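Values below: all heavy atoms of this structure, side chains included; hydrogens, waters and symmetry mates excluded. Keep in mind it's a predicted model, so treat the numbers as computed, not measured.
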Amino acid sequence: MQKYKIVASKSQKKYTVILSADSETEAKEKLHKDGYSVLSISKLTSKDIDGQKFLFQVEKDGEIKNGVII
């Protein structure tokens with residue numbers, strides 16, 4: 001699976017998402033299902049993400065959760 005860096009918007013907020021998908025089209029479809037509008041998308045290489053720290057925020061059923069992936 002390829003990793004994609006996607007800039008998307010939802011509810012007048014801008015998000016940067018790292019997503020694994022088989023194709024760019026599949027990555028876009030995954031975000032569209034969750035109500036995001038894709039603004040830009042680019043492929044990532046393992047070099048781009050090695051040693052990086054990613055912060056994320058998820059809203060599910062009205063509850064917001066924050067996390068970190070290293």
For this session: Consider only side-chain N and O atoms of S42 and K5, and report whether a donor and an acceptor are under 3.5 Å apart.
Result: no
Exercise. Can you tell me how far NZ of K60 sits from CG of D34, rounded to the nearest 0.5 angstrom?
Worked result: 10.0 Å
Problem set entry | Spatial distance of atom CD (Q2) from atom CD (E24) [nearest 0.5 Å] | 10.0 Å
Seminar exercise, completed: Heavy atoms of A27 and Y4 approach each other most closely as CB-CD1, 4.0 Å
Problem set entry | Chi angles and distances behind the salt bridge (Lys or Arg N to Asp or Glu O under 4.0 Å) call for E26, K30 | CA-CA 6 Å; E26 182 183 333; K30 284 182 178 183; 3.7 Å; yes
Exercise. According to a 4.5 Å side-chain heavy-atom criterion applied to Ile, Leu, Val, Met, Phe, Trp and Tyr, with indirect links allowed, do Y36 and V38 form part of one hydrophobic cluster?
Worked result: yes
Problem set entry | Closest non-hydrogen atom pair between M1 and D22, with its separation | CG-OD1, 3.3 Å
Problem set entry | Transitive ILVMFWY side-chain link I41 to Y15, under 4.5 Å | yes
Exercise. Is there a side-chain contact (heavy atoms from CB on, under 4.5 Å) between I6 and S40 once you walk through the steps?
Worked result: CA-CA 6 Å; I6 303 167; S40 69; over 6 Å; no
Exercise. Quick one: do L19 and L44 end up in the same hydrophobic cluster if we chain Ile, Leu, Val, Met, Phe, Trp and Tyr together by side-chain heavy atoms under 4.5 Å apart?
Worked result: no
Exercise. At what distance, to the nearest 0.5 angstrom, does OG of S23 lie from NZ of K43?
Worked result: 9.5 Å
